[in-house]
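Note on naming: letters A, B, ... go to the chains in the order of the sequence lines (proteins, then strands), and numbering restarts at 1 for each one.
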Number of protein chains: 4
Amino acid sequence: MKRNISVKHLSQTPIEKQKVELVERKCIGHPDSLADGVAEAVSRALCREYMAECDGGVLHHNTDQGEVVAGESAPAFGGGKIIKPIYFLLTGRATRKFGDTVFATDAIAVNAAREYLKTTIPTFDMDRDIIVDCRMGSGSTDLCDVFNTKKGHTSVPRANDTSFGVGHAPFSQVEQIILGLDDYIANEFRPKNPMLGYDIKLMGLREINTITITVAAAMVDRYCSGISDYVEMKEKMEESFTKVAKKYTDRKVKVEINTADIIRKKATSVFLTVNGTSAEMGDDGSVGRGNRCNGLITPNRPMSMEATSGKNPINHIGKIYNLLATEIARESCQKVDGIEEMYVRLLSQIGHPIDYPLVASIQCITKRGYDFKEYQSEVEEIVNHRLENISDITRLVIDGKLKTF
Amino acid sequence: MKRNISVKHLSQTPIEKQKVELVERKCIGHPDSLADGVAEAVSRALCREYMAECDGGVLHHNTDQGEVVAGESAPAFGGGKIIKPIYFLLTGRATRKFGDTVFATDAIAVNAAREYLKTTIPTFDMDRDIIVDCRMGSGSTDLCDVFNTKKGHTSVPRANDTSFGVGHAPFSQVEQIILGLDDYIANEFRPKNPMLGYDIKLMGLREINTITITVAAAMVDRYCSGISDYVEMKEKMEESFTKVAKKYTDRKVKVEINTADIIRKKATSVFLTVNGTSAEMGDDGSVGRGNRCNGLITPNRPMSMEATSGKNPINHIGKIYNLLATEIARESCQKVDGIEEMYVRLLSQIGHPIDYPLVASIQCITKRGYDFKEYQSEVEEIVNHRLENISDITRLVIDGKLKTF
Amino acid sequence: MKRNISVKHLSQTPIEKQKVELVERKCIGHPDSLADGVAEAVSRALCREYMAECDGGVLHHNTDQGEVVAGESAPAFGGGKIIKPIYFLLTGRATRKFGDTVFATDAIAVNAAREYLKTTIPTFDMDRDIIVDCRMGSGSTDLCDVFNTKKGHTSVPRANDTSFGVGHAPFSQVEQIILGLDDYIANEFRPKNPMLGYDIKLMGLREINTITITVAAAMVDRYCSGISDYVEMKEKMEESFTKVAKKYTDRKVKVEINTADIIRKKATSVFLTVNGTSAEMGDDGSVGRGNRCNGLITPNRPMSMEATSGKNPINHIGKIYNLLATEIARESCQKVDGIEEMYVRLLSQIGHPIDYPLVASIQCITKRGYDFKEYQSEVEEIVNHRLENISDITRLVIDGKLKTF
Amino acid sequence: MKRNISVKHLSQTPIEKQKVELVERKCIGHPDSLADGVAEAVSRALCREYMAECDGGVLHHNTDQGEVVAGESAPAFGGGKIIKPIYFLLTGRATRKFGDTVFATDAIAVNAAREYLKTTIPTFDMDRDIIVDCRMGSGSTDLCDVFNTKKGHTSVPRANDTSFGVGHAPFSQVEQIILGLDDYIANEFRPKNPMLGYDIKLMGLREINTITITVAAAMVDRYCSGISDYVEMKEKMEESFTKVAKKYTDRKVKVEINTADIIRKKATSVFLTVNGTSAEMGDDGSVGRGNRCNGLITPNRPMSMEATSGKNPINHIGKIYNLLATEIARESCQKVDGIEEMYVRLLSQIGHPIDYPLVASIQCITKRGYDFKEYQSEVEEIVNHRLENISDITRLVIDGKLKTF
């Protein structure tokens, strides 16, 4: 059966030529990201358990819910203390019984959440700063609900809903800067500068040819001896972050760190935390309220409302189609010459095999000097091949090789 | 000071000419909508209390968080029972102490939530089907943090964040159908047909000139004597809903009710519930994961990720700018001739007065036969006037006259 | 089979001749009593449901756990407000599935708790002052675990544990005063004087021939216009309570109300509450930590550690034997002449029918002028008859005719 | 001022001559003991923090509440798994603010609870098997509420309540056996036999000269390869426990292990657990419902209803007088010749210094051949000296040198 793939030319002002562009990323320790990360960790742990016990099958579950309720802290230069732990509520539902096998869904969820937090925010004192609670629902699963993770057309799961997934490529300069900074911070800057915490909000605003990167970064108090230390770190960040940003653009770049700080003789108010996340002092978080699955919030681009994190990676369109649309756009722009910009929309049909969407709608802005007709079929092939191998997405998710936020 | 208002012409395929359009609405009893409604009810109750005690001032609070954890039920024709209550967790934070006044934030929150649920879903047995729990954070407020709700330039609050608000007008045919159906169901159909529950998902899919409205509607078991009753109701819904939809379009309309139902001699599986919401049996809900502030989810339109419900209506850009952008688009399209389609983006500057956005960017598709230049300044004036009177939004929200989801 | 009933003479100083006697009662609105009352209400509701669905059978359950976590309030003459609701956590476990029947254990528990609180403390605003949460465990029951509530030897349940139940009679003067006051307050004084709240601790201390009744009574602020009102009420209570106490004794009686009150011009600190219970402002409560099943705490008498409230009334020795021991002592002292004081101890044997205790040990102090031998066999008969009809206890409990705290 | 100490002769059948004696101990891993242990660990951690920050002062707190909500497990020979974690709810209240110092009461409580559980039940996987939640209340403290822990008459705290504390000595044979077994198991048997878990209920029943020790002991599945292993362990326990018991008595001793076990070819039901406590599969626990402060439940002896664990050790009579009464009895019987049995009752007067009880009532049964008059004053002196140094109790509690359950 032929897939309904529509690759069309799009005549629209490309992003780099729009006057205002806004791009945001909530890094790994932002309360919403913590919620996403925990939700995804729980889903992956459940998948692994189901596969181990059900000969590669994954049972029904969705853990794309949950709440991070902020704690209270008393940060202080040199090291303050957590007053009230952060409270994580795990919800969602997971199959608890299949045939005679009982799955330790609650214990697996609590364990996955705690392991994730321990690894992700090493500053947490897991026995003092964190409460992980669980009110996960359960249910038994019929034989026919088992999703097989092995390849082959017959076992392709059916869409759980009528829903869109969207993706785009390539990333604009601002998008690249934000993602590049996130990567640089996690892998280069923080390892050398532990004062920089985990809850960082990167906001890139481009007005014509000026890019302003506003960084709201929680500092870790135990690694910060005083206000001069703090100010020094901000200067260091400004300098290095500007250098990193410059790699992606020739435009004018301005980096601003913690602009809300007040540093006066009499009253000092800075973004100091005990563990490096604002969840410790007043900011709640929820699954699906932060980054989209490409790691960004991009109001200038089409976005999906669906939470990607925590949904089961087998038949949940809200997860799979968003990830797949992003992958399709990425691959096409890498392999095919002539695409200035590409938008992918995958629309499912509830109850139909997920490798046959109702429509895969691809819109392309063509680069100056190229002809849409010349690459159209090439893109079509990529889309078709990706749909044919849609279960790769499932695998990559379970193996933790695809980010969901 | 002149406001930075940019009204531009947009050349883009208008929505009605795009081949595929998807529009969704989660009606009042959907778990995500319940979360939104409760969050907003709590915020409004806090506003009223603060205003009463602080001479018209509103103190800092944000209740745009919270979780609906699904219960369990055993629906049955003629009337089943709730097995496990739905659990509502109220979180967020609110000022608890101001000067010597202590505010009963937790009690107000629990009360507002319960009152909202009682009124909204009259089928709930509030003493048996519902648990409302509260883990709201607190904090004291400095004098300068009091937001005055009285008019006047000097008292205009400052933006809490750098953020976008978006809105569009007019509504497409499918958008009108979805909103029209929601209204019809709530005010005409359900009052006469109590079998139709509160958790209804309306999904409108237009493929060129065919509009398919897929309705997933929870039925209330106590008003449904048996399967024939149920089937009859579905037929009645199909007929009346089609009639309503036809008012908004000349295109072909198809209405499909509860397509996942299985009605066979041996196995019957229908969307029957005790109280008329899927939150009673397995579906969790979260604030900010459902409808945008215009009541719709519209993947073909620019959307904001921000939760509108529960945020404070005084200085929270994520709430005010989304509502205002929508109002500006609505008013402009009503008053000004020649606009085919209009998109409004309001970008705030953290720390600056909210009536002076960094930029108010308006994009207009012009109707055939009209000239953009002729109405441009008229739109500009509307935008300017609306910004000047931005505190009207606050008032309307507190009075419950602006929907947030 | 003959029952192992041992009726013995006891030579011990009778209570009225001991120099110091202490008797305490935590009235209906004390946090511990609220916990007990809720636990018992939940158990009774479950019993009724099981009996209705299982042809008179009661399934396994124990709800003798649970916690009352205090709220916060801001009482004020004329009417204050609850700041933070009281949180009730229902725990324990109940059979949720029996054959194909699913029991709504969580919903029943929440409902029973809320109904109990509504009826017991009519001042509660149930939608604002109270959170009832539930984390009850579940389990399925084998056929053989069904307890039949119908009479007949074959169906006598087997003891769930090796445990003691204890009881005594008659009540001493101080005991009678405390119980008499409780009754008088609930049925005569409070109906006419709504200012007197529900959380009252009655402490009777007898030193030789002087009885001091210390009353700690929460006043309801909405019925108390000011400090003079309050003081007047205390005087009224002192007067009437003394009159009531005098009915039970010729000893000297002193009644002292709220002795910790400070009433000065500059600093006033009195026991004022919004709803009439200290659970609203700082005092937690637990099941089984308050009154024994005769309604009293009597350090001069043998007492059982077992919580009576919330335990299943079918085979839970900790409940049935305490109630039965008390009934046996009461009946014997009423019907049999010559008993000065009587102590009953019933010791179960785990796994044996509950009507055949390992030993029923009765100790009697004989009245001056009587002969133990003359009434010994009469007592034995009463004990035997009561054991034979042990299922009466179960019935009375389910019907709410036996108090458990 | 002379203390009101009354030492009297008691003519009563000594315990060893009573026909039936019942003694019980819930060992360290019983759900009620876990609740007690956690409550006491939290109180001690708070004391240490207060003393460190307030120059030796301890601020008001009471954590003698809290609930252990059972989890679910699937034990299996060789090692099973926890399905649902055990849920610990910490409640009570503690001073959170004193002057400008903020105390991390919630974080301290959670930390103390987790550390206690980790150390006490080393089989727990703390990241998977346990949820510790906290709903502790707070409050600020006036200067005059600080309890100084330094010696000296002026600083003696005042009684928080009118209440009894009771104690007795020496321990009967059965009491010695139960305590001796507990000690032997913890320090000798379990270290060598890790199969024996932590939740052990020791019940000693003496009928005239036959002592039956019934042991209900949770076995740890990972250390038990199969049913023969299990049976072997029971035999080993029976043998060694009998030997230990024999050290304390010449009476006939019978030890019975896990009498409810069913070991048949077709159906086997034994007391196997994953971690060695029944809290993992259905048994809840509460503070103050288990052992009295001497480590025992002794229905033949006077007992106090008061929870000792978790109460503040400074002015809470329910804690201090129970501990002190037990110490007084212990010391007197050790040092003074001629006492067969001794019962101590300390009665406080609310608001009066705790070293001046309303009455310290001591009752002594004199050994055959001794004269009460000869040792009366010696006992009086011990009582007086102990009351004079009552703050020693506080110190010992804070240092963890006095057991409370």
- Task: Could you walk me through whether D161(D) and K201(C) pass the side-chain contact (heavy atoms from CB on, under 4.5 Å) test, one step at a time?
- Result: CA-CA 11 Å; D161(D) 207 351; K201(C) 199 167 148 185; 3.0 Å; yes
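- The backbone N or O of A70(D) lies less than 3.5 Å from no partner atom in the side chain of R93(C), so there is not a single donor-acceptor pair.
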- Working for side-chain contact (heavy atoms from CB on, under 4.5 Å), residues E24(C) and M305(D): CA-CA 11 Å; E24(C) 193 184 330; M305(D) 279 298 116; over 6 Å; no
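- Scored by the ring-ring contact (aromatic ring centres under 6.0 Å, His included) test, H352(D) finds no partners at all (sequence neighbours excluded).
- At a 4.5 Å heavy-atom cutoff, S361(D) makes no contact with chain C through either its backbone or its side chain.
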- Message: Let's go through V20(D) and L358(C) carefully: what are the C-alpha distance in whole Å and the side-chain angles of both, what is the deciding distance for side-chain contact (heavy atoms from CB on, under 4.5 Å) to 0.1 Å, and is it a yes or a no?
- Response: CA-CA 10 Å; V20(D) 172; L358(C) 182 61; over 6 Å; no
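- There is no contact between V166(D) and chain C, counting heavy-atom distances below 4.5 Å.
- Here R135(D) does not pair with D284(C) in a salt bridge; the nearest charged N to carboxylate O distance is not below 4.0 Å.
- Rounded to the nearest 0.5 Å, atoms OG (S11(D)) and CD (Q12(C)) are 8.5 Å apart.
- Residues passing the salt bridge (Lys or Arg N to Asp or Glu O under 4.0 Å) test with R289(C), sequence neighbours excluded: D64(D).
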- Message: Set out, in order, the CA-CA distance, both residues' side-chain angles and the distance that settles side-chain contact (heavy atoms from CB on, under 4.5 Å) for L205(C) and L347(D), then state yes or no.
- Response: CA-CA 10 Å; L205(C) 172 67; L347(D) 176 58; 3.4 Å; yes
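- Of all the listed residues (G285(C), S163(C), G71(C)), the one sharing the greatest number of non-hydrogen pairs under 4.5 Å with chain D is G285(C).
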